[in-house]
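Predicted, not measured: the structure shown is a model, and the values here were computed from it. Proteins come first, then strands; the chains are lettered A, B, ... in the order of their sequence lines, and each starts at number 1. Worth knowing before you read on, the calculation uses all heavy atoms, side chains too, and leaves out hydrogens, waters and symmetry mates.
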Amino acid sequence: MNHFLDELNSIQREAAKSTEGPVMIIAGAGSGKTRVLTYRIAHLIEKNVDTFNILALTFTNKAAKEMKERIAKIIGHSEAKNLWMGTFHSVFAKILRIEAEKIGYPNNFTIYDTEDSKSVIKEILKQFNLDDKIYKPSLVLNRISDAKNKLISPQHYQNNILTQQEDQNSRKPLLGQIYANYQKRNFKTGAMDFDDLLYQTNVLLRDFPDVLLKYQNKFRYISVDEYQDTNFSQYLIIKQLAARFQNICVVGDDAQSIYAFRGANIQNILNFEKDYPDLKTYKLEQNYRSTKTIVAAANQIIANNKEQFKKTVFTENEEGYLLKVIKANTDNEEGQKIANHIFETKSQNQIMNSDFAILYRTNAQSRSFEEALRKLNIAYKIYGGISFYQRKEIKDLLSYFRLIINNSDDESIKRIINYPARGIGQTTIDKLTVAALEHDISLWTVISNLKEFNLGINAGISTKINDFVTQIKSFNLLLAYKDAYELANQIAVSCGIVKELYNDKTPEGVSRYENIQELLNGIKDFVEQPRTPQENELNEVIKSVIDPSNSTEFNEETDYSLKTLDEFMQEITLLTNVDKEDDKEGDKVSLMTVHAAKGLEFKYVYIVGLEENLFPSQLSISSRSDLEEERRLFYVAITRAEKQAILSFATMRYRFGNITYCEPSRFINEIDDKYLDYPKENIQKKFSDDSFGGYRTNYLKNNKLDENALTNNEKTNVITFNPSNKKLIKINSNLSSSSSILDTKLNKNLIAGDWVLHDKFGKGQISALEGNWPETKANIIFENVGQKSLLLKFARLNKIN
DNA sequence: AGCCCCGGTGAAGTC
DNA sequence: CACCGGGGCT
């Protein structure tokens, strides 16, 4: 039988065998990096490295699970079980559960998701009496998140002149105080948000050298997948842990870094060499996934980026099909054309639905594809969107679980104290919240000692609150003695959620009821799975904490083999929708965002909505580094394809309830014509007189714009009218201030020979005009900067005499 | 306390 | 268009 390393090419094999010291593997798209990483770990184990000493960080928990299974197949299940594998968040959440008390958190701390975090921020804004239109909760949270990912503490933040200046300029001078208050509150309620899982790990490793040493000794061999997507906080954790043995292997592709928006720092990979001068670098450049055409086109796109490692991805696969470009008039027509193309490709080549993927920039684009596929009876599956665990009914029930595990979890109390309705209204909750704030205690302390506070709550409502507290306490006592399924069931029934949803016979109600059942079934599955050794280790720590101290007499009888509800919660809190997906159910076309497609591959890949302001997104266009990230995203999209990539765009689409006109994405133009299959006129005739694809055209009167026929939306948004083709044009209000629209409208009257003054380029003369308004380009010879070609609709010109 | 309707406002990507 | 929050009504 072949040895597993024989399945690798020579560079892959060298990389896999290079186990000692710092290693960086730059892996081009489709170059088999997962395989290398997997075999590298298998090889370590074969060399008798204890699995207990291996840590592998992956991008999703699903990836970790798959890798573990592959390793188990090579070296055996009992061995593989001991490996620590998972995402940064899940691995360090586990370590924090063990060590939490050192940094002042309870071991059973709650993990807040984004919704919880925003709710905390809203409350702080209320307390500080701040306008949530200026301090938008999502913005505030982003700012806090950025700070944490850069390991900037609240104190540090408030003392830093730079951050203070930035916040002054953005009219949000109190952000530092909000940040400090946010951290204080969460500490008090025993809660960590996603960023805390990394931030607090850093605090732990910084302040407790003995803990650092313990984990340095434990994790002697560390590997990090998708290293290009790590942020500073993650970078530092790795650096600290690897400092003693320096057996650190990072794998990544700078060309596929697409998470800068959440703090990922491409410099981590570009600078890795500086941290480890005796680093060994391997470049995996042979692509095994895609055709020559796809690889060539992808290389050409990425070459437009300045910041990158030099590498040459090549393939020995066949030449393959050209990249097909599809033009549609509307978003609906785009859906139809793509669905038809899938239909035809299938019927000609006997291809499975699951060989097709439709990738879009934003989740909101999925609608037209769903409709079109449904019409043709093609099965599809949407990935992403709202995750199972984010659904209201699921979060409601999980909030009961959370509160039972950690009584201090204020967010959960607020969520469920009156759900199902038990007559505890907003006025009452406000009174409770104020009391908690005044005494600097958690909501739970207030409601469980209600009679000690004189809150002016009438006797009837007080009884209801006490009943609620009693119920939670009774579940609390059962936590250590019932398995997760039994207890979850009991809670779901006796809190009234099951009854509430059962009585709701609307389709939504039925679906919610089913979701609750699905959750309970999931818990049953969980209970039936035996624990891994790591889980056992964790379990012992946690059990000692959640066991109520007033019932020590039962300790002897405690059955530690029970899988309890708190364990279940730890297991699922950090699962993402990607992790929960089960790809094996049915043969379906995949619909997902490009981000979600990272790491996947399909025979036929449709990259849709390739329009300026959509892909690349509007928000990226003004900054070079953001635009480069969009380009990497496009690169990721194209390199998912094995046989053919199909690119599509629409010339108009509905956005914000308005018709907007779109231009084809610059990314299409960056691909050489020799790789593309499209009729040339497709691109040129952007504003052709094609049918309107069902959109309204009745705003004309005597061939002129009839203002009265515009919808309110159209009126309030900035709309101009193009007399040459009789169409409405929405000018994006983000891009042009209202004054500049007036200015540039005047440009319409300019003719060759006119002298103009430009804000930046100074004085110049128009030598020629080409194209019809609003696409008119002017060739202008400036006195100081020479010849420029400018689009009149954008250029800020003033005519001079 | 709870429901409904209205209007204002807002869509990138995610652990 | 879709969601959310506020206000008014029951």
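- Atom-to-atom, CG of A:L96 to P of B:dC15 comes out at 19 Å; the value is rounded to the nearest Å.
- A salt bridge is defined here as a Lys NZ or Arg NE, NH1 or NH2 lying under 4.0 Å from an Asp or Glu carboxylate O, and A:R631 with A:E670 meets this definition.
- Residue A:T114 is classed as a base contact, given a heavy-atom separation below 4.0 Å to a base.
- Summarising the geometry, the separation between OH on A:Y360 and P on B:dA11 is reported as 19 Å, rounded to the nearest angstrom.
- Among the protein residues, A:E629 comes within range of the nucleic acid bases, having at least one heavy atom under 4.0 Å from a base atom.
- Nucleotide B:dT14 holds its P atom 13 Å from the NZ atom of A:K118, rounded to whole Å.
- Heavy atoms of A:Q365 sit nowhere under 4.0 angstrom from any nucleic acid atom.
- The listed nucleotides are B:dC15, B:dG13, B:dA1; the one nearest the side chain of A:H89 is B:dC15.
- To the nearest whole angstrom, the two P atoms, one in B:dG13 and one in C:dC4, are 15 Å apart.
- Taking the charged nitrogens against the carboxylate oxygens, A:K395 and A:D116 do have a contact shorter than 4.0 Å, which makes a salt bridge.
- For the pair A:Q390 CD and B:dC15 C1', the interatomic distance rounds to 11 Å; values are reported in whole Å.
- In this structure, A:N418 reaches the B:dG2 phosphate: one of its side-chain N or O atoms is under 4.0 Å from OP1 or OP2.
- Ion pair A:K136/A:D132 not flagged as a salt bridge, since none of the NZ, NE, NH1 or NH2 atoms sits closer than 4.0 Å to an Asp/Glu carboxylate oxygen.
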(request) Assess whether side-chain contact (heavy atoms from CB on, under 4.5 Å) is satisfied between A:E334 and A:R653, documenting all intermediate values. (result) CA-CA 10 Å; A:E334 185 185 34; A:R653 73 170 62 240; 3.2 Å; yes
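- Of the candidates B:dG13, B:dC15, B:dA1, the closest approach to any side-chain atom of A:R262 belongs to B:dC15.
- Ion pairing between A:R367 and A:E370 fails under the 4.0 Å rule for side-chain N and carboxylate O.
- Taking the nucleotide of DNA chain B with the nearest heavy atom to each of A:Y259 and A:K136, the more 5' of the two is matched to A:K136.
- Taking the side chain of A:E630 as heavy atoms from C-beta on, and the options B:dA12, B:dG2, B:dG10, the nearest nucleotide is B:dA12.
- For A:N363 and B:dA12, the shortest distance from a side-chain N or O to OP1 or OP2 is not below 4.0 Å.
- Stacking between A:F261 and B:dG13 is shown: the ring centroid lies under 5.5 Å from the centre of the six-membered base ring, and the planes differ by under 30°.
- For the side chain to side chain donor-acceptor pair (under 3.5 Å) test, residues two or more places apart in sequence or in another chain that qualify with A:N515 are A:E393.
- Residue order along DNA chain B, read from the 5' end via each residue's closest nucleotide, puts A:Q426 first among A:Q426 and A:T87.
- Using a 4.0 Å heavy-atom distance criterion, A:F88 is classed as making no nucleic acid contact.
- OP1 and OP2 of B:dT9 both lie 4.0 Å or more from every side-chain N or O belonging to A:K133.
- Close to B:dC15, at under 4.0 Å from its OP1 or OP2, lies no side-chain N or O of A:S90.
- A:D331 places its CG atom 14 Å from the C1' atom of B:dA11, with the value rounded to the nearest Å.
- Taking atom CG on A:D113 and atom P on B:dT14, their separation rounds to 15 Å, with Å as the unit.
- Residue A:D131 contributes atom CG, which lies 14 Å from atom C1' of B:dT9 at whole-angstrom precision.
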Sort me out a list of protein N/O and nucleotides 3-7 of chain C N/O pairs below 3.5 Å, or just none if empty.
residue: C:dG5; atom: OP1; partner: A:K122; partner atom: NZ; Å: 3.3

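- In summary, the aromatic rings of A:H595 and A:F261 are positioned with their centroids under 6.0 Å apart.
- Atom NZ of A:K598 and atom P of B:dT14 are 11 Å apart (whole Å).
- A:F401 is linked by a ring pair (Phe, Tyr, Trp, His ring centres under 6.0 Å) to nothing, counting only residues two or more places apart in sequence or in another chain.
- Close placement of the A:Y259 and A:F59 rings is indicated, their centers lying within 6.0 Å of each other.
- Listed nucleotides: B:dA12, B:dC15, B:dA11. Nearest to the side chain of A:F656: B:dA11.
- When the nucleotides B:dT14, B:dC15, B:dA12 are ranked by their closest atom to the side chain of A:F194, B:dC15 comes out on top.
- Side chain of A:S617, nearest nucleotide from B:dA12, B:dA1, B:dG2: B:dA12.
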